[in-house]
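Bear in mind that the values here come from a model prediction, so they are computed numbers and not experimental data. Starting from 1, each residue takes its place in the sequence as its number.
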Amino acid sequence: MGDQIQFIVEKLNQEPFRKNYNLITFDSLESVQLLQLLSDVLGEIDPKHAVDIREELPEQTAKRMLSLLGILKYKPPGSASDLSAFRQGLVTGSKPVIHPVLHWLLQRTNELKKRAYLARFLVKLEVPAEFLQDDTVADINKQYEELMEAFKNLHKECEQLKTSGLSTAEIRRDISAMEEEKDQLIKRVERLKKRVETVQNHQRMLEIARQLRLEKEREESLAQQKQEQKNQLFHAEQRLQRAQLQLKEMQHAVVDSKPESLMKKLEEEINFNSYLVTEKMPRELESKKNSAYFLQKVLAEPAMSQSDLNVLEIKINEVNAQINQLIEKRMMKYEPTDSKFTMYRQQASIISRKKEAKAEELQAAKEEMSSVERQMLQKTSQAQELEGAEVLKGDEFKHYVNKLRSKNTFYKKKRLEIAEITAEFGILQRTEELLKQRHEAIQQQLQAIEDKKGISGYSCTQEELERVSAVKSEMDEMKGRTLDNMSEMVKKLNAMVAEKKACLAPVIKELRQLRQKCQELTQECDEKKIQYDSCAAGLESNRSTLEQEVKGLLEECVQEEGNYRYINCMKRNLEIQLQRAKEEMKAYVSPDPQERRKAIRQYTRTILEQENLGKKLREKQKVVRESHGPNMKQMKMWQDFEQLMECKRECFLKQQNQTAIGQVIQEGGKDRLVL
């Protein structure tokens, strides 16, 4: 505990708190001061909590601190039963509660700042399920979740960039290195240009090299286009195979089926889908919502230890035991003879369970069938890749074109009929509106007459009977329309297949042209490649001979340049020496004494004198160095001798003083004796 308090005091005395506490002053803080100190620390972590606790109620302070501590994932010491004591201690400002919180917060301030910052954007707002039924609220909630995911991704990228180690200094070094490499490359290119300029027909060789590079780029682009066209062809073949498979399935279903069987299948499918929508899906959705609610509730609770889990398991077992006892009591209370519906309830529960199991089996079978269909499509596409696509030829293609033309004329005729029907529908709709208005007016008049005669409601009864008969006739018409709709659906599917085939015909035609063009280009590319190889071999042999000649000439040039520079330097040295000799001769022969003093010969005597003086001084220095050690030793001996004599003198003086004092004392004693 003492180490904990010392750590808290050290952290509070540092930046950014600067409290200037010691152990005594910190331990003497009151509960209100401790709560304010905790609020200041929380305010440093999250600026929203930098408030004065005197301006808010104690409950609000405790609630605010508990919410932030929950966001920061603080785990109070002790078991789950001690949470109430922890909350009470936080409200009252108890030291055993506040000190561990401060120690935990000050240990990881930077980490908690980051967590509090992320909590501002990542703590999800819980919207009740009834409000999510509104489309606007649901869209806004979805947009809110998407923005939250985008913020997570951006924060991860930012952290990765921070930890990647990239800095402006490194980037500048890279840029400078790249600039140096660029300069070196420019110099190298210039040197190569100078070397190539000496070669005969270098312009023609450069032009051939440029054409070769262009041809290589063109070859790469053609290869890329070829690959793209192959991909497009592969996708088109896959679409065609899927369409053919669907057509075969529909044809097979139509050939062996009757309207009654189709109606039965549709009714079964409708019943199954309605069961999924009305019973199974809502039940599963409700269970998922309940599990999500409980998970959110568990997530909102503070972290539990193993002891808390053991306590919860014991409670769960006790509740289960109570439930079993209540069920046994109920079964004993309500005997089977008294309960008439027990058997029916059991049968209904068994049937519902069987129904759920069969629905799940059917769903799994449908999923398995869809996966098998996907595998079949993949296998068919692989088989087409291995064997090649089937292409219509000769009479088959003509027959196919004639069939398409006949279907096109039939399509145009049906389109005109649809246009006429839509125009007639608009007229009939307007007529229906007018008749409805007239019917309402007549109905009002009839109601007034019935009220006068005292037989009100007669027309309503008659209308009800007519409505029932009309409903019956409508049901009959609906059955007929269902059959018509199914036949129309088959026709539409046939038309769609025809359209797909018509769309694929120009693609196949264009593909043939592209294949032919590709063959021509590959042939041309092979010819160009042969020419390139022969040209490259000749150029390579010429280049090797030229490189050897250039190498020998460069070595000879370097040798001659060295000789030239050496001779030039020797020449300059001789010229300088000759010039100095001329100036010396001129000054020595000149009648002017000032000019004669400038001559070098005048300084030879001085130089000799100084050299002699230097020799004497060096000899003297040598003697001094040789006698330096003995002289220093002798000087030290004299200093020691001087100290010894000084010490003797002091001892002698001290002895004289003592003898004089003794004589005075003796004389004083004698005087006393005389007295």
Side-chain angles (χ1 to χ4, degrees), residues 128-140 250 253-254 257-283 285-286 348 355 407-499:
E130 55 268 23
F131 292 118
L132 290 175
Q133 301 297 327
D134 190 0
D135 295 334
T136 306
V137 177
D139 293 337
I140 293 171
M250 295 303 297
V254 169
S257 63
K258 296 179 181 179
E260 292 82 4
S261 61
L262 291 173
M263 286 292 295
K264 191 174 180 181
K265 287 181 181 178
L266 288 172
E267 286 177 357
E268 289 176 356
E269 189 173 356
I270 288 167
N271 291 329
F272 176 69
N273 291 329
S274 61
Y275 167 71
L276 289 178
V277 172
T278 57
E279 295 182 15
K280 187 178 179 182
M281 294 295 182
R283 192 160 52 248
L285 182 62
E286 188 66 27
K355 192 176 181 182
K407 287 186 177 181
N408 191 15
T409 55
F410 182 74
Y411 167 74
K412 290 180 180 177
K413 189 187 294 184
K414 292 297 180 183
R415 191 173 181 182
L416 291 173
E417 289 178 3
I418 290 169
E420 292 174 359
I421 290 168
T422 52
E424 188 178 358
F425 175 75
I427 296 168
L428 291 173
Q429 194 174 9
R430 177 60 180 165
T431 306
E432 184 184 6
E433 290 177 359
L434 295 173
L435 289 174
K436 281 183 179 178
Q437 293 176 1
R438 190 180 295 176
H439 175 71
E440 289 176 359
I442 292 169
Q443 193 72 20
Q444 290 177 0
Q445 292 177 4
L446 181 62
Q447 188 71 28
I449 292 167
E450 286 179 354
D451 292 334
K452 285 181 182 181
K453 299 295 184 179
I455 54 172
S456 61
Y458 176 78
S459 60
C460 294
T461 306
Q462 189 176 2
E463 286 179 358
E464 186 68 18
L465 292 172
E466 291 176 355
R467 189 180 65 80
V468 171
S469 62
V471 167
K472 184 177 179 298
S473 62
E474 285 179 0
M475 291 295 291
D476 296 334
E477 290 177 359
M478 189 182 296
K479 291 179 181 179
R481 282 199 300 272
T482 305
L483 296 174
D484 294 337
N485 290 332
M486 291 180 68
S487 61
E488 288 179 1
M489 188 184 296
V490 172
K491 290 177 182 179
K492 286 180 181 178
L493 289 171
N494 291 328
M496 287 172 65
V497 172
E499 287 178 0

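For Ile421, there are no side chain to side chain contact (heavy atoms under 4.5 Å, CB included) partners, not counting sequence neighbours. For Thr136, the side chain to side chain contact (heavy atoms under 4.5 Å, CB included) criterion is met by Asp134, Ile140, not counting sequence neighbours. Take Arg430 and apply the salt bridge (Lys or Arg N to Asp or Glu O under 4.0 Å) test, not counting sequence neighbours, and it matches Glu433. Residues satisfying the salt bridge (Lys or Arg N to Asp or Glu O under 4.0 Å) test with Lys436, not counting sequence neighbours, are Glu432.
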Is there a side-chain contact (heavy atoms from CB on, under 4.5 Å) between Lys412 and Asn408? Walk through the geometry before answering. CA-CA 6 Å; Lys412 290 180 180 177; Asn408 191 15; 3.8 Å; yes
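Between Gln437 and Leu434 there is a side-chain heavy-atom pair separated by less than 4.5 Å.
The salt bridge (Lys or Arg N to Asp or Glu O under 4.0 Å) analysis of residues 415-424, with sequence neighbours excluded, yields the pairs Lys414-Glu417.
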